[in-house]
*Asks:* 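Structure in structure tokens, see below.
For ligands, and for the atoms within them, numbers begin at 1 and follow the listed sequence.
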Amino acid sequence: MLGKTVKGVLWWACLSALVFCDSPGAGVASAGEAIFSPPSEQSIPGGSLGDLVRKGEEIFTNTKKYAGHYVGNDLTCESCHLNRGRKAYAAPLWGAYGIYPRYRLKNHKVNSLAERMQGCFRFSMNGTAPAVDSPTVKALVAYSYWMSRGAPVGVKLPGAGMLHLTPPSRSPDPFSGKKVYEARCALCHGLHGQGRMSRGETAFPPVWGGKSFNKGAGFYNVGKLAGFIKMNMPLSKGDSLSDQDAWDVAAYVDSQPRPEKPAVK
Ligand code: HEC
Ligand code: HEC
């Protein structure tokens with residue numbers, strides 16, 4: 001009863017302030033649109049489909065361990081697709097499944113979901129792409145398929161992809177961004193963007209340098225990175241930076257050294 005009331009008050013606060021609420025479960029988008037709730041972990045089915053889905057989830061959350069051959073940096077898929085690919089405005093897998101195949105200007109063709117995943121391996125993971133019919137991609141596709149069960153197909157759902165942040169009133173400024181970074185980000189990601197490893201696993205992912213995403217990645221686009229940061233960073237304090245700070249810190253992060261974009265094959 002009390003829980004319900006508290007939730008109601010939160011909903012009201014979200015709606016009246018016209019902000020995006022950063023709650024882990026069902027959320028509310030700016031226009032009051034409900035955010036899709038993916039099926040719970042407990043509902044992964046038994047049998048061979050369940051095995052494939054669970055394998056996909058393992059690859060997604062511990063990519064180096066389960067698909068290390070294809071990974072060229074210290075990130076996992078979950079480093080950017082937060083909460084195991086479930087979080088709204090962090091390109092959730094439930095928002096992706098139903099909108100592929102899809103035309104992308106980037107490679108000027110209609111991409112299957114598997115081909116889209118290959119892109120993240122090459123650029124965001126600075127690695128090599130597993131074949132579309134490889135066990136790795138089959139498991140990841142199954143994981144995305146399962147997570148989107150019950151979601152409408154062919155429409156962009158609220159919370160899918162990243163937030164399209166309104167253009168800033170002044171151009172993004174890396175010098176102001178450096179101050180934001182040092183105050184709000186360096187504690188976890190390190191003063192030199194290097195992140196932190198713990199027992200061979202990534203505790204805090206690097207945001208620039210040789211172990212980060214390369215210049216072909218979506219996050220090398222300042223606007224895309226700003227939208228992600230606005231909604232998701234500092235971790236668990238999404239929507240606490242001003243829009244301008246999100247733009248500035250994104251410009252700073254993207255102005256730092258990182259691997260070059262690999263030649264297009
Ligand atoms: C450095 C951050 C980063 C990492 C790591 C990363 N991705 Fe992505 N991914 C992105 C961005 C940015 C997009 C584009 C989202 C958009 O356009 O709104 C994206 C898009 C996608 C999409 C399409 C989503 C959509 O809504 O169109 C899928 C599927 C995907 N990634 C899967 C993966 C998989 C699988 C891995 C691990 C092998 C991975 N990603 C690793 C940043 C990342
Ligand atoms: C409390 C610790 C913490 C703080 C503070 C924090 N982050 Fe993160 N950040 C994380 C973690 C942890 C992840 C990866 C999430 C996962 O793997 O589940 C992440 C992921 C990211 C990513 C995507 C992965 C990558 O390495 O490229 C970016 C970009 C990012 N953070 C930028 C920032 C920026 C900019 C700030 C400051 C505004 C910030 N973070 C503040 C913990 C933090």
*Asks:* Does ligand 1 have any atom sitting under 4.0 Å from a heavy atom of Val71?
*Replies:*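 So Val71 does not count as touching ligand 1.
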*Asks:* Quick test: of every protein heavy atom, which one is nearest to atom 43 (C) of ligand 1, and how far off is it to 0.1 Å?
*Replies:*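 Answer for atom 43 (C) of ligand 1: Ser124 OG, 3.3 Å.
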*Asks:* Regarding Cys188, does it place an N, O or S atom less than 2.8 Å from atom 8 (Fe) of ligand 2?
*Replies:*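 Of the N, O and S atoms in Cys188, none lies under 2.8 Å from atom 8 (Fe) of ligand 2, which means no.
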*Asks:* With backbone taken as N, CA, C and O and side chain as the heavy atoms from C-beta onward, which portion of Tyr70 lies under 4.0 Å from ligand 1: side chain, backbone, both, or neither?
*Replies:*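 None of Tyr70 does.
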*Asks:* Work out whether the distance between some heavy atom of Tyr181 and some atom of ligand 2 is less than 4.0 Å.
*Replies:*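 Tyr181: no contact with ligand 2 (<4.0 Å).
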*Asks:* Are Ala246 and ligand 2 in contact, using a heavy-atom cut-off of under 4.0 Å?
*Replies:*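 So Ala246 does not count as touching ligand 2.
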*Asks:* Tell me which one of Cys77, Cys185, Pro206 gets a heavy atom nearest to atom 26 (O) of ligand 2.
*Replies:*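 Looking at heavy atoms only, Pro206 sits closest to atom 26 (O) of ligand 2.
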*Asks:* Among protein heavy atoms, which lies nearest atom 11 (C) of ligand 2, and at what distance?
*Replies:*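 Its nearest protein heavy-atom neighbour is Pro205 CD, 3.7 Å.
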*Asks:* Of the choices Lys87, Lys211, Met233, Glu201, which has the non-hydrogen atom that lies closest to atom 19 (C) of ligand 2?
*Replies:*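 Nearest heavy atom to atom 19 (C) of ligand 2 lies in Met233.
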*Asks:* Any heavy atom of Asn83 sitting closer than 4.0 Å to ligand 2?
*Replies:*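 The answer is no, since Asn83 has no heavy atom less than 4.0 Å from ligand 2.
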*Asks:* Among Leu82, Leu235, Ile229, whose heavy atom sits nearest atom 42 (C) of ligand 2?
*Replies:*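 Considering heavy atoms of Leu82, Leu235, Ile229, the nearest to atom 42 (C) of ligand 2 sits in Leu235.
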*Asks:* Within ligand 1, which atoms have a heavy atom of Phe219 less than 4.0 Å away?
*Replies:*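 Counting from 1, the qualifying ligand atoms are 1 (C), 2 (C), 12 (C).
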*Asks:* Starting from atom 39 (C) of ligand 1, find the nearest protein heavy-atom neighbour and note its residue, name and distance.
*Replies:*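 Answer for atom 39 (C) of ligand 1: Cys120 CB, 3.4 Å.
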*Asks:* To which protein heavy atom is atom 23 (C) of ligand 2 closest, and what is the distance rounded to 0.1 Å?
*Replies:*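 Its nearest protein heavy-atom neighbour is Ser79 O, 3.4 Å.
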*Asks:* Check each heavy atom of Phe228 against ligand 1 and say whether those closer than 4.0 Å belong to the side chain, the backbone, both or neither.
*Replies:*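 Neither; no heavy atom under 4.0 Å.
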*Asks:* To which of Arg116, Arg104, Lys156, Glu115 does the heavy atom nearest atom 28 (C) of ligand 1 belong?
*Replies:*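 Going through Arg116, Arg104, Lys156, Glu115 one by one, Arg116 has the nearest heavy atom to atom 28 (C) of ligand 1.
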*Asks:* Numbering the atoms of ligand 1 from 1, which are under 4.0 Å from a heavy atom of Leu75?
*Replies:*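 Under 4.0 Å from Leu75, ligand 1 has these atoms: 1 (C), 5 (C).
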*Asks:* Going by the closest heavy atom to atom 31 (N) of ligand 1, which one wins out of Glu78, Lys106, His81?
*Replies:*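 Minimum heavy-atom distance to atom 31 (N) of ligand 1 goes to His81.
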*Asks:* Starting from atom 1 (C) of ligand 1, what is the nearest protein heavy atom, named by residue and atom, and what distance separates them?
*Replies:*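 Looking only at protein heavy atoms, the one closest to atom 1 (C) of ligand 1 is Cys80 SG, 2.7 Å.
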